[in-house]
Amino acid sequence: WVVAYDYQFPPQSRFGRMGIRAAGSVWANVQNKHSAPGICTASGVSLMKLYRATGDALYMDLLQSIAHFLPQVVSYQERPMYTIRGDALRPGEMCERVNLSDWEGMENVGDSISGANVWPSSTFALTWTEIPGIYVDLSHGLIWVSDHVNARLDGNTLLIDNPTSFPAVVKVLAETESERREILGLCWQDKFIRVDVPAKEHVGICL
């Protein structure tokens with residue numbers, strides 16, 4: 001299950017203070033009583049393959065939501081994540097918990113609870129490797145953006161805006177309907193167009 005809305009974390013909680021948006025976090029099962037960052041040790045590229053095979057936009061909507069959530073809860077030097085003990089996770093580390101319930105106490109709703117877990121970091125790395133930051137269905141004029149950038153089509157030009165404070169390397173996969181009906185095959189990442197977008201800047205590429 002994928003969280004379809006932005007849960008209202010308590011304003012005094014860590015996630016509440018950080019403005020974390022829960023949409024796109026994933027429930028492994030209801031027994032866990034919390035969602036988590038991403039699909040366990042998988043990028044979700046299967047959802048993109050299902051879209052390519054069926055044309056059902058729901059698959060790409062889910063993938064975009066899942067991938068877009070991940071960077072919010074990764075620890076990095078400029079904005080470390082902390083456990084309830086107060087120790088900071090190292091850059092690149094993530095906790096598996098996105099606590100949407102009081103199963104570990106009301107005081108821990110909206111917190112990471114434990115320390116780093118290996119699988120979310122693996123999921124994040126696989127997502128960066130296997131999922132395009134921008135997917136464009138050229139035949140239908142559809143765009144899905146999983147990176148934290150904005151994009152739109154102007155004719156055959158893809159305009160990308162980077163509103164963040166960090167330079168971005170955005171990977172773009174643009175396909176016509178006939179191209180997406182072909183099997184993706186191995187090493188599909190070779191089809192990605194890599195676009196450098198400086199912080200607070202915008203660029204355009206011809207597709």
Side-chain angles (χ1 to χ4, degrees), residues 1-7 18-27 35-76 79 92 94 96 98 119-153 158-175 179-180 184 187-205 207:
W1 302 277
V2 178
V3 178
Y5 67 101
D6 288 325
Y7 176 83
M18 297 177 69
I20 299 296
R21 296 183 177 182
S25 55
V26 180
W27 287 75
S35 59
I39 303 168
C40 187
T41 326
S43 68
V45 71
S46 56
L47 294 169
M48 186 175 77
K49 291 179 179 181
L50 282 168
Y51 172 72
R52 297 180 79 255
T54 67
D56 188 340
L58 175 61
Y59 294 120
M60 286 302 294
D61 291 344
L62 283 173
L63 179 58
Q64 173 184 271
S65 185
I66 293 168
H68 191 76
F69 173 82
L70 289 168
Q72 296 185 91
V73 291
V74 67
S75 188
Y76 52 93
R79 195 223 56 188
M94 304 171 74
E96 69 176 359
V98 179
W119 77 259
S121 295
S122 300
T123 292
F124 193 26
L126 286 168
T127 300
W128 188 90
T129 302
E130 297 181 344
I131 304 300
I134 301 174
Y135 180 89
V136 184
D137 184 328
L138 292 168
S139 296
H140 299 91
L142 299 174
I143 302 178
W144 286 273
V145 182
S146 58
D147 279 358
H148 284 243
V149 296
N150 302 312
R152 64 183 177 89
L153 278 174
L158 178 67
L159 302 172
I160 307 172
D161 175 65
N162 179 5
T164 76
S165 301
F166 300 91
V169 178
V170 183
K171 294 173 293 183
V172 178
L173 177 59
E175 300 181 300
E179 288 171 331
R180 73 171 173 80
L184 199 57
C187 302
W188 65 88
Q189 302 93 327
D190 291 344
K191 300 178 181 179
F192 295 166
I193 304 168
R194 292 173 179 262
V195 184
D196 291 301
V197 189
K200 307 294 184 182
E201 298 288 342
H202 62 272
V203 300
I205 62 168
L207 300 177

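In this structure, the side chain of Arg180 does not engage the main chain of Thr54 through any donor-acceptor pair within 3.5 Å. Side chain of Thr164 to main chain of Ala199: no donor-acceptor pair is present (N/O by atom type, distance under 3.5 Å, no hydrogens or angles). Proximity of a side-chain donor or acceptor of Asp56 to a complementary backbone N or O of Leu58 within less than 3.5 Å is detected.
In this structure, Asp137 and Tyr51 have side chains that are in contact, with non-hydrogen atoms separated by less than 4.5 Å. No side-chain heavy atom of Lys49 sits under 4.5 Å from any side-chain heavy atom of Tyr59. Between Ile193 and Leu158 there is no side-chain heavy-atom pair separated by less than 4.5 Å. Between Val197 and Val149 the shortest side-chain heavy-atom distance does not fall below 4.5 Å. A heavy-atom distance below 4.5 Å is found between the side chains of Leu207 and Leu153. Between Val74 and Met94 there is a side-chain heavy-atom pair separated by less than 4.5 Å.
In terms of heavy-atom proximity, Ala67 sits nearest to Thr127 at CB-CG2, 3.8 Å. Taking each heavy atom of Ser43 and Leu63 in turn, the nearest pair found is O-CD1, 3.9 Å. Nearest heavy atom pair, residue Thr123 against residue Ala42, reads CG2-O, 3.3 Å. Scanning all heavy atoms of the two residues, the minimum distance from Trp188 to Glu130 falls at NE1-O, 2.9 Å. The two residues Trp119 and Thr41 have their closest heavy-atom pair at CB-OG1, 3.5 Å. When every heavy atom of Gly204 is checked against every heavy atom of Leu159, the shortest pair comes out as CA-CD2, 4.0 Å.
In terms of the ring-ring contact (aromatic ring centres under 6.0 Å, His included) criterion, residue partners of His148 (sequence neighbours excluded) are, by chain and number, His68. When the ring-ring contact (aromatic ring centres under 6.0 Å, His included) test is applied to Phe124, no partner is found at least two apart in sequence or on another chain.
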Side chain to side chain contact (heavy atoms under 4.5 Å, CB included) between Val73 and Phe69, worked out
CA-CA 8 Å; Val73 291; Phe69 173 82; 3.8 Å; yes
Under the side chain to side chain contact (heavy atoms under 4.5 Å, CB included) criterion, do Lys191 and Leu184 qualify, and how do the steps go?
CA-CA 10 Å; Lys191 300 178 181 179; Leu184 199 57; 4.2 Å; yes
Please evaluate residues Val26 and Val3 with respect to the criterion side chain to side chain contact (heavy atoms under 4.5 Å, CB included), reporting the C-alpha separation (whole Å), side-chain torsions for both, the decisive distance (0.1 Å), and the verdict.
CA-CA 6 Å; Val26 180; Val3 178; over 6 Å; no
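Atoms NZ and CG, on Lys200 and Asn162 in that order, are 8.0 Å from each other to the nearest 0.5 Å. Rounding to the nearest 0.5 Å gives a distance of 15.0 Å between CZ of Arg21 and OH of Tyr5. To the nearest 0.5 Å, the span separating CD1 on Ile39 from CG on Leu47 amounts to 5.5 Å. Note that CE of Met60 and CD1 of Ile143 are 11.5 Å apart. Values are rounded to the nearest 0.5 Å. In this structure, OG on Ser25 lies 9.0 Å from CD on Gln72, to the nearest 0.5 angstrom. One finds the CG atom of Leu62 at 10.0 Å from the CG atom of Leu50 (value rounded to the nearest 0.5 Å).
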